[in-house]
Amino acid sequence: MEAGKGRRRMFGKKRDGRRRKTRTGPCGLVGRPQCASSTPRPQVCFPSSPCARPEQRKPGASPRGRRRPQSRLFFKPLLFRPRASLAIIMRGSSIVIPAGVSNALNALLFPFHRTRMTASGDPADAPGAERVRFAPSPTGMLHIGGLRTALYNYLVARKAGGAFLLRIEDTDRARFVEDAEEDILSALDWCGLDYDEGPGAGGDFGPYRQSERSDRYRPVAERLVEEGRAYYAFDTPEEIEAMRDENRSDANPQPKYGPRTRRKMNNSLTLPEEETQRLLDEGTDHVIRLKVPKDTGVKFTDEVRGSVSFSTNDLDDQVLLKSDGLPTYHLANVVDDHQMKITCVIRGEEWLSSTPKHKLMYDALGWTMPRVAHLPLIMSPHGGKLSKRDAQEGGIPVSLRDYRQQGYEPEAVLNFIALLGWNPGHEQEVFSLDELVEAFSLGRVAQSSAQFDLDKLKWFNEQHLHRLPPEEVAARSREAVQAEGFTPSEDYLTDVAALMQERITFADDLATDGAFFFEAPEEYEEAGVEKRWKDHSAALLRAFADRLEAADAFDAETVENHLRALADEKDVGAGALIHPARLAVSGRSYGPGVFSMMAVLGQERCLRRLRRAAEVLGEGES
RNA sequence: GCGGCCUUCGUCUAGUCUGGUCUAGGACGCCAGCUUUUCAUGCUGGUAACACGGGUUCGAAUCCCGUAGGCCGUGCCA
């Protein structure tokens, strides 16, 4: 039941509180009010609408917290909405309409609306079978924006109990980058975004690399040619450039290969049939272009933006099949999404203007376009796209590889990007991946682009680090600790992590901020010495060391008791001992509590450090 | 140029559909205080925004029109 595909849209427009510029569209008005309320209502609606099958409503489309009061306008749309009347006629009947017929019917009745009413008995379209995909192109290292797209797809799939697919869009041989695919795979793996179908994961709709399904595209393009919806074009790049040069003007700096110019070009529309055939037979380089209709509106509903419309006059005759025989993104994307039974396309906003082309193709092919959701872009803190320069000059991680290298935790990265363009509608900010799945809905995705905020990312990293069990923090810091030349035991490193984790930003900081746990300080922080080291400090520390040497236990409490007892004995404040002891033991004037720090360090190390400090710092520098 | 999308504290955002409860809420950052042997955490408080101009209305962040700005697209790239 492809019918489900139109459903979310009906909600999309009104279901939440977002501003939607245009809110026309008959179905939304028909289906919505009932669905927003649990009150039983008369069954007057489109057979495929949500009210007919409430259990099928996708969780991703869940409305905002606020319940919509039952509208007094409920029956009004029925009076003048053509689709609604159709619904009434069909209500209760169980006729199954073949997709092609229903598409044609819809196209006839509602030329500018996407098809909503299709019916088929395909089990892959079972209720709740949401199928979404992340379709990166292996042209470089995975970008943070790409990861966010993957995340949102993942969230939608998991929440709906559907499938998350990974498809590699490698149709551009010129921009292909050798290790890009591997980088994508390892990035997803690092984040824990597992996919159900894709390279290496199998699936019933493979292969999942477009280069491996290249024989599937030409027949589709040729079918469009046969049906008069596309045509062969033999123009060389130079000829096209010449046409553009000729037509270029201030008013039209980028002339199109379209309805107005295609008549003058070298293609199967202008050439005699035999000539076209001859060129084809001779294997002349050619492309297949979509024949974009003139003066036609193309309208669709975007899950995050509501209704969006374009005029075909702003589109050019999109190349579908390139002269190397490979499909362009547009063709491959449409064919694959259809063949893989994708129910919702979630991608970056840069694709919004391509969507009308896709819509035209779906319509020409008699296929139902999946729902679409265009995500707002992630911008650099300086405005504009997040670029390599931001990474190099601003220290801003851009590719996932940067995040890893800079020591960010995957949980934090996911949490941060999830909230860059989406919010749960309540005040929770720190989320685990599972919690994100639970809370996510496409309807709460923002429409405006978001600037990257490094401080906030760091804050998220701290938050997640604080919540991790010490053993885990220890494990994650291991590599960095070892890189510094330290090889602490697992237990010891865990104890250190427990003390340090709430005062570091990255797990790796354990190796630097906690270095004194692994090697004795050589020098003592100057400002600290100046402030805390007094004339009597050396003597006090020696006495403290002696006392500790005789202690039979060395836990934090024991150390503290001894220190306080000694302070009493010597008639000084505890601070007179505490601060110099910290300096002695860590070389610093700040850090974890001295007692627990000393307990972790152990008796032997502490005695040595206490005495050495007394030696080196002597009778006071101040 | 044209087309589309977007516009609430410095930043991420709630609120906009269904106008009053918004003297606009939360978070990051920053500042101050509390807790504390230090630092940090934690907690409390403070700082700071409805792009602009018209209109509709008793009432507009919210609806309408316009303007400005930003972004994306405008390829045999994806």
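So that the names make sense, note that chain A is the first sequence line, chain B the second, and so on, each numbered from 1.
- Across G3(B), C72(B), C39(B), the shortest atom-to-atom separation from the side chain of Asp314(A) is found for G3(B).
- If you measure from atom NE2 of His466(A) to atom P of C39(B), you get 16 Å, rounded to the nearest angstrom.
- Across all strands shown, Asp235(A) has heavy atoms under 4.0 Å from base atoms, whether or not it also approaches the sugar-phosphate.
- A distance of about 16 Å separates the P atoms of C12(B) and A49(B), rounded to the whole Å.
- Counting non-hydrogen atoms under 4.0 angstrom, Ser249(A) reaches nothing in the nucleic acid.
- Using a 4.0 Å cut-off, no side-chain N or O of Lys256(A) falls inside it from OP1 or OP2 of C2(B).
- Put simply, Gln447(A) has a side-chain N or O that comes within less than 4.0 Å of OP1 or OP2 on C6(B).
- Listed candidates were A78(B), C76(B), G73(B). Nearest to the side chain of Trp351(A) is A78(B).
- The pairing partner recorded for C52(B) is G66(B), the criterion being a Watson-Crick or G-U wobble arrangement whose two distances lie under 3.5 angstrom.
- We find that CD of Glu349(A) is positioned 7 Å from C1' of C71(B), with the value rounded to whole Å.
- For the 3.5 Å distance criterion, the side chains of Asn423(A) and Arg444(A) qualify, holding a donor opposite an acceptor.
- Contact annotation: Asn423(A) reaches the phosphate of A14(B) (side-chain N/O to OP1 or OP2, under 4.0 Å).
- In this structure, Met379(A) atom CE and U7(B) atom P are separated by 13 Å, rounded to whole Å.
- Applying the 3.5 Å distance criterion, the base of C76(B) shares a donor-acceptor pair with the side chain of Ser323(A).
- For the pair Leu320(A)/Val334(A), no side-chain contact is recorded, criterion being any heavy-atom separation below 4.5 Å from C-beta on.
- Atom CG in Leu377(A) sits roughly 16 Å away from atom C1' in C12(B) (whole-Å rounding).
- The CZ-P distance, from Arg248(A) to G1(B), rounds to 16 Å in whole Å.
- For the pair Arg305(A)/Glu349(A), a side-chain contact is recorded, criterion being any heavy-atom separation below 4.5 Å from C-beta on.
- The phosphate of C76(B) (OP1 or OP2) has a side-chain N or O of Arg289(A) nearer than 4.0 angstrom.
- Each of Gly425(A) and Ile240(A) was matched to the nucleotide of RNA chain B holding its nearest heavy atom; the match closer to the 5' end belongs to Gly425(A).
- Side-chain nitrogen and oxygen atoms of Lys322(A) include at least one within less than 4.0 Å of the OP1 or OP2 phosphate oxygen of A78(B).
- Pairing of C30(B), defined by two Watson-Crick or G-U wobble distances under 3.5 Å, is identified with G46(B).
- Closest to the Glu169(A) side chain, of the nucleotides G75(B), A78(B), C28(B), is A78(B).
- Residue Gly575(A) is out of contact with every strand shown, counting any heavy-atom pair closer than 4.0 Å.
- Comparing the C1' positions of U67(B) and C6(B) gives an interatomic distance of 16 Å, to the nearest angstrom.
- When the C1' atom is compared between C22(B) and A14(B), the two are found 11 Å apart, to the nearest whole Å.
- Nucleotide C12(B) holds its P atom 8 Å from the CG atom of Leu420(A), rounded to whole Å.
- At a cut-off of 3.5 angstrom, counting only N and O atoms as typed in the model, there is no donor on one side facing an acceptor on the other between the side-chain of Arg305(A) and the base of C5(B).
- Base pairing of A61(B) is not made with any nucleotide, judged by Watson-Crick or G-U wobble geometry with both donor-acceptor distances under 3.5 Å.
- A ring-centre distance under 6.0 Å is found for Phe452(A) and Phe416(A).
- The separation of G46(B) from U38(B), taken at their C1' atoms, amounts to 26 Å, rounded to a whole angstrom.
- Rounded to a whole angstrom, the distance from the P atom of C43(B) to that of A24(B) is 24 Å.
- Whole-Å rounding puts the Gln428(A) CD to G26(B) C1' distance at 13 Å.
- Heavy atoms of Ala574(A) sit nowhere under 4.0 angstrom from any nucleic acid atom.
- Across all strands shown, Gly421(A) has heavy atoms under 4.0 Å from sugar-phosphate atoms exclusively, and none from any base.
- Residues Val287(A) and Thr328(A) are not in side-chain contact: their nearest non-hydrogen atoms beyond the backbone lie 4.5 Å or more apart.
- Asp316(A) comes within 4.0 angstrom of the backbone, heavy atoms only, and of no base.
- Taking a pair to require two hydrogen-bonding distances under 3.5 Å in either a Watson-Crick or a G-U wobble arrangement, G19(B) remains unpaired.
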Are Lys458(A) and Asp455(A) close enough, and set up right, to give a salt bridge (Lys or Arg N to Asp or Glu O under 4.0 Å), and what steps lead you there? CA-CA 5 Å; Lys458(A) 285 184 175 158; Asp455(A) 282 331; 5.3 Å; no
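- The shortest distance between side-chain heavy atoms of Gln447(A) and Pro376(A) does not fall below 4.5 Å.
- You'll find that the side chain of Glu429(A) is closest to G26(B), out of C72(B), C77(B), G26(B).
- The nucleotide whose nearest atom lies closest to any side-chain atom of Pro253(A) is, among C12(B), A14(B), G1(B), G1(B).
- Nearest to the side-chain atoms of Ser354(A) among the listed nucleotides U13(B), A78(B), U11(B) stands A78(B).
- U8(B) and G26(B): their C1' atoms are spaced 13 Å apart (whole Å).
- Rounded to an integer number of Å, the gap from CD1 of Ile378(A) to C1' of C72(B) is 15 Å.
- Across every strand in view, U36(B) sits unpaired, with no contact that passes the Watson-Crick or G-U test at under 3.5 angstrom.
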Go through Trp422(A) and Tyr152(A) one step at a time and tell me if the ring pair (Phe, Tyr, Trp, His ring centres under 6.0 Å) criterion holds. CA-CA 10 Å; Trp422(A) 169 84; Tyr152(A) 285 12; 7.3 Å; no
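- With a 4.5 Å cut-off on side-chain heavy atoms, Arg588(A) and Arg582(A) do not count as touching.
- The nucleotide C77(B) finds no pairing partner, because no Watson-Crick or G-U wobble arrangement with both distances shorter than 3.5 Å includes it.
- The pairing partner recorded for C71(B) is G4(B), the criterion being a Watson-Crick or G-U wobble arrangement whose two distances lie under 3.5 angstrom.
- In this structure, the side chains of Asp495(A) and Phe517(A) stay at 4.5 Å or more apart for every pair of heavy atoms.
- In the interface, the side chain of Arg582(A) is paired with the base of U37(B) through a donor and an acceptor atom under 3.5 Å apart.
- As rounded to the nearest Å, C76(B) and U18(B) have P atoms that lie 43 Å from one another.
- Of the candidate nucleotides G3(B), C28(B), G42(B), C28(B) has the atom lying nearest to any side-chain atom of Trp459(A).
- The side chain of Lys456(A) lies closest to C28(B) when the candidates are C76(B), C77(B), C28(B).
- Checking C76(B), G73(B), U38(B) against the side-chain heavy atoms of Tyr590(A) singles out U38(B) as nearest.
- Heavy-atom distances to RNA chain B give each of Asp250(A) and Pro592(A) a nearest nucleotide, and the one nearer the 5′ end belongs to Asp250(A).
- A distance of about 43 Å separates the P atoms of U35(B) and C52(B), rounded to the whole Å.
- Of the candidates G10(B), A78(B), U38(B), G10(B) carries the atom nearest the Asp453(A) side chain, counting heavy atoms from C-beta on.
- Between Ser589(A) and C39(B), a side-chain N or O to OP1/OP2 separation shorter than 4.0 Å is absent.
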